[in-house]
Amino acid sequence: RMILPTVAIGVLGASLLGSAHCAAMCGGFVCFYTGTATPGDARALRAHAAYHAGRFTSYLLLGALAGALGAAVTDLGALAGIGRGAAVLAGGLMVLWGAGTLAAQRGVAVASVRAPEGWQRALGRVLHAVRDQPTWRRALLTGLLTTLLPCGWLYVFVATAGGTGSVLHGLLVMALFWLGTVPALLAVGLGAQRLAGPLRRRLPAVGAAVVMVAGFLVARFAQR
């Protein structure tokens with residue numbers, strides 16, 4: 001079972017550098033759960049903590065499931081004479097996703113994954129139902145539930161977790177990914193999302209490049 005320190009550092013670095021994507025995609029949810037709370041006051045800070053705790057819980061669940069599935073894929077690959085099949089698959093997905101993101105940054109049309117309309121409506125109804133809950137509870141449920149939305153940025157790291165072929169290492173990958181996304185989302189919640197200025201526009205491309213490098217490392221290690 002593997003988790004290279006280099007891959008772990010790559011996951012955290014890519015997550016930090018690409019977290020501008022999280023701020024853009026999930027910034028609306030941050031505004032939803034904070035409601036009328038003043039940025040930086042005690043109620044808002046409790047809400048942010050609850051939201052990120054909800055995300056952390058759901059990310060760990062995804063990491064555990066992916067790691068268990070990756071272990072099964074690796075075991076099946078071993079029976080077929082293919083060593084570390086899950087790692088090879090995960091590395092390939094990481095490289096493809098990174099290449100697609102870089103292409104999109106250059107203006108190339110790239111197909112995106114969208115949630116089925118029924119799925120979006122169902123999640124919308126759930127979020128509508130919790131809007132009158134206390135701020136911290138609304139934030140916690142938002143963090144737990146919005147992970148269900150399809151997000152290529154999120155699921156490339158879920159694939160990485162699966163590529164470890166280990167529940168424990170899958171948990172570690174998703175914990176590192178979560179950690180890297182926290183600063184940008186906190187910046188949105190605290191009203192400081194413009195601090196990065198023009199640099200923020202370049203970070204997703206840099207993050208995609210780091211993901212590609214990590215993908216090559218995952219796939220290369222799998223061949224050893």
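If you're wondering where the values come from, they're calculated on a predicted model, not measured in any experiment.
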To the nearest 0.5 Å, tell me how far [X] [atom1] sits from [Y] [atom2].
X	Y	atom1	atom2	answer
L140	R46	CG	CZ	14.0 Å
L186	H48	CG	NE2	6.5 Å
L185	R55	CG	CZ	5.0 Å
Y59	L176	OH	CG	13.5 Å
F177	L154	CZ	CG	5.0 Å

Original post:
Would a hydrophobic clustering, with Ile, Leu, Val, Met, Phe, Trp and Tyr connected at side-chain separations under 4.5 Å, put L65 with V156?
Top reply: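 The answer is no; the residues belong to distinct hydrophobic clusters.
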Original post:
Among F157, Y51, F56, which one satisfies ring-ring contact (aromatic ring centres under 6.0 Å, His included) with W178?
Top reply: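 Considering F157, Y51, F56, a ring-ring contact (aromatic ring centres under 6.0 Å, His included) with W178 is found only for F56.
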Subject >> Non-hydrogen side-chain atoms of L179 and S15 separated by less than 4.5 Å >> reply: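 Of all side-chain heavy-atom pairs linking S15 with L179, none is under 4.5 Å.
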Original post:
Taking C-beta and beyond as the side chain, do T57 and L61 meet within less than 4.5 Å on heavy atoms?
Top reply: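 They are not in side-chain contact.
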Original post:
Does any N or O in the side chain of T164 come within less than 3.5 Å of the main-chain N or O of T160, such that one atom is a donor and the other an acceptor?
Top reply: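 No.
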For [X] versus [Y], what's the shortest heavy-atom pair and its separation?
X	Y	value
A161	A66	CB-CB, 4.1 Å
G54	L144	O-CD2, 3.4 Å
A139	A47	CB-O, 3.1 Å
V11	V173	CG1-O, 3.7 Å

